Q: 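Pasting a structure here, questions to come.
Quick caveat: nothing in here was measured; it's all calculated off a predicted structure. Both ligands and their constituent atoms are indexed starting at 1 by order of listing.
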Amino acid sequence: MREFSNEDGQMMIGGARANELVERFGSPIYVTDERAVRENYRNIRDAFKPYMPARVHYACKANAALAILRILQQEGSYIDAVSIGEVDTCLRAGYSPDKILYTGVNVSTKELQQLVARKVMINVDSLSELERLASISTDVDISFRVNPQVGAGHHTHVVTGAKSTKFGVPKDLIVRAYDRALELGFMPFGLHAHIGAGVQDVAPFAEVTDVLVGIMNDVEQRLGLKLDVLDIGGGVGIPYRPEDKPMDVDAYAREVTSRIKGRCSAKTVAIEPGRYIIADTTVLLTSVVDVKDTGDKRFCGVDAGFNTLIRPAFYGSYHHVAVANKFHRPEEFTYDVVGPICESGDFIAKDRRLPKVEEGDVIAVYDAGAYGFAMSSQYNMRGKPREVLVKDGAASLIREAETTDDLLRLERIPSRLMI
Ligand SMILES: *Cc1c(COP(=O)(O)O)cnc(C)c1O
């Protein structure tokens with residue numbers, strides 16, 4: 001959770017007043033602070049500097065706004081992409097193909113053909129994918145994703161490294177996968193695992209590093225292949241609650257690199273942070289449209305629902321909220337902050353102490369930068385909201401709000417229904 005400053009009772013984001021952003025751009029809006037994006041990227045990159053060369057692959061599924069991709073491209077970031085759409089978006093934002101690593105699961109042959117044409121690196125997820133890729137081209141930089149049988153995360157939906165999940169080459173087949181890749185004419189450069197999301201301590205990362213180092217040594221001993229890049233994936237969590245402690249990224253970098261250096265062939269460590277880089281850079285601003293007191297509960301009705309931010313409804317995630325135009329005013333009542341979607345599961349925050357809320361107030365939902373806009377939908381035929389980038393008080397629109405026309409643009413009514 002980032003600290004936001006207070007000017008005359010108004011919450012400030014990147015030097016701009018939250019309520020003025022809503023007056024100018026409407027509601028709801030996602031607002032991202034450019035400086036915070038650069039700062040987070042540099043923090044995690046610099047944590048590794050004292051120890052060994054590191055590649056930071058921004059996991060762009062967390063937030064793939066072109067302007068944000070562009071900021072990170074300027075910073076020198078690599079990319080972790082999970083679909084051809086993400087690859088093409090990153091190319092559009094100015095990344096060169098050799099900075100993009102594609103990691104898919106259940107990848108179609110059609111998508112492999114498109115990836116080969118784009119010349120990006122491919123992190124192969126299965127032996128079937130390897131064979132199908134080889135039939136298209138072997139002139140591709142590949143690594144393998146292994147299922148490390150080490151899983152962690154903030155919710156069972158996001159644990160990806162456990163043995164029971166669908167991801168990666170099973171551990172006992174991984175040497176065979178490299179053997180087969182060499183036989184087919186590939187020269188694999190690395191080994192990858194991704195354990196899950198929202199991991200707040202160093203131990204699971206240390207554990208997965210040990211597994212990857214062990215595999216690298218097996219591969220070297222049995223096949224004579226020296227892999228250069230050891231990729232521990234993403235999943236570094238952030239403190240969503242005021243009482244949570246941020247991850248100690250220095251300890252993370254130190255623990256991970258000390259297990260690699262001098263212990264295997266890898267000369268470079270790769271990490272794939274999504275949430276860590278983008279979550280706390282962005283707040284969702286949503287206007288209070290209706291206040292309801294049922295006698296035993298107070299509802300603060302806002303114009304953002306799970307169509308705008310699905311994490312609370314989907315994972316039960318906590319997002320801190322504040323009244324942006326009554327910032328730091330004493331708390332008075334307990335509210336559920338709820339949206340306009342016709343389902344009772346539609347909530348943003350539950351049982352929160354807030355100052356007295358009135359129609360027209362602006363609720364700021366913290367840490368909305370990762371898996372916020374990216375997981376939003378047009379459910380109930382509500383277009384996705386605007387996205388705004390602020391830097392030193394200057395605000396720029398980076399995505400226009402969707403209109404009903406935008407939503408209907410791809411639809412067709414068969415002519416026989418028009419008579
Ligand atoms: C989602 C994902 C990430 C990023 O996860 P965060 O929790 O946002 O850090 C990294 N690597 C892979 C392969 C992923 O699927």
Q: Between Ala59 and ligand 1, which residue portion shows a heavy-atom distance shorter than 4.0 Å: side chain, backbone, both, or neither?
A: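 For Ala59, the contact with ligand 1 is made by the side chain alone.
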Q: Is any side-chain heavy atom of Phe144 closer than 4.5 Å to one of Tyr178?
A: yes
Q: Who's closest to atom 14 (C) of ligand 1 heavy-atom-wise, of Lys61, Arg275, His192, Glu272?
A: Lys61
Q: Is any N or O atom of Thr103, backbone or side chain, closer than 3.5 Å to an N or O atom of ligand 1?
A: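 N/O-N/O distance below 3.5 Å does not exist for this pair.
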Q: Applying salt bridge (charged side-chain N to carboxylate O under 4.0 Å, His left out), can you list everything that pairs with Arg132, at least two apart in sequence or on another chain?
A: none
Q: So for ligand 1, is Gly235 a polar contact partner (N or O within less than 3.5 Å, distance only)?
A: yes
Q: Checking the N or O distance criterion of under 3.5 Å, is ligand 1 in contact with Arg145?
A: no
Q: Give every residue pair that meets the side-chain hydrogen bond (donor to acceptor under 3.5 Å, both in side chains) criterion with at least one member in residues 275-286, sequence neighbours excluded.
A: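 Residue pairs passing side-chain hydrogen bond (donor to acceptor under 3.5 Å, both in side chains), neighbours aside: Arg2-Asp280, Thr32-Thr282, Asn40-Asp280, Tyr240-Arg275, Thr286-Asp303.
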Q: Checking Arg353 against Thr334 for the side-chain hydrogen bond (donor to acceptor under 3.5 Å, both in side chains) test, could you report, in this order, the C-alpha distance in whole Å, the side-chain angles of both residues, the deciding distance, and whether it holds?
A: CA-CA 4 Å; Arg353 297 289 299 169; Thr334 302; 3.1 Å; yes
Q: Numbering the atoms of ligand 1 from 1, which are under 4.0 Å from a heavy atom of Gly234?
A: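 Result: 9 (O), 10 (C), 11 (N).
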Q: Which bit of Tyr371 gets closer than 4.0 Å to ligand 1, counting heavy atoms only: side chain, backbone, both or neither?
A: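 It is the side chain that touches ligand 1; the backbone stays farther off.
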Q: For atom 12 (C) of ligand 1, find the nearest protein heavy atom and state the residue, atom name and distance (0.1 Å precision).
A: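 Closest protein heavy atom to atom 12 (C) of ligand 1: Asp80 OD2, 3.3 Å.
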Q: Given the rule in the side-chain hydrogen bond (donor to acceptor under 3.5 Å, both in side chains) test, do Asp367 and His319 qualify, once you have shown the distances and angles that lead to the verdict?
A: CA-CA 7 Å; Asp367 303 314; His319 281 266; 5.6 Å; no
Q: Does the residue Ala370 have a heavy-atom contact with ligand 1, meaning some pair of atoms that are separated by less than 4.0 Å?
A: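 Contact absent.
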Q: Distance under 4.0 Å to a non-hydrogen atom of Ala197: what atoms of ligand 1 satisfy this?
A: 7 (O)
Q: How far apart are the closest heavy atoms of Lys171 and Val146, and which atoms are they?
A: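 For Lys171 and Val146, the tightest heavy-atom pair comes out as CA-CG2, 3.9 Å.
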Q: Using the side-chain hydrogen bond (donor to acceptor under 3.5 Å, both in side chains) rule, take Tyr58 and Glu272 through it: C-alpha gap first, then chi angles, then the decisive distance, then the call.
A: CA-CA 6 Å; Tyr58 170 57; Glu272 301 173 343; over 6 Å; no
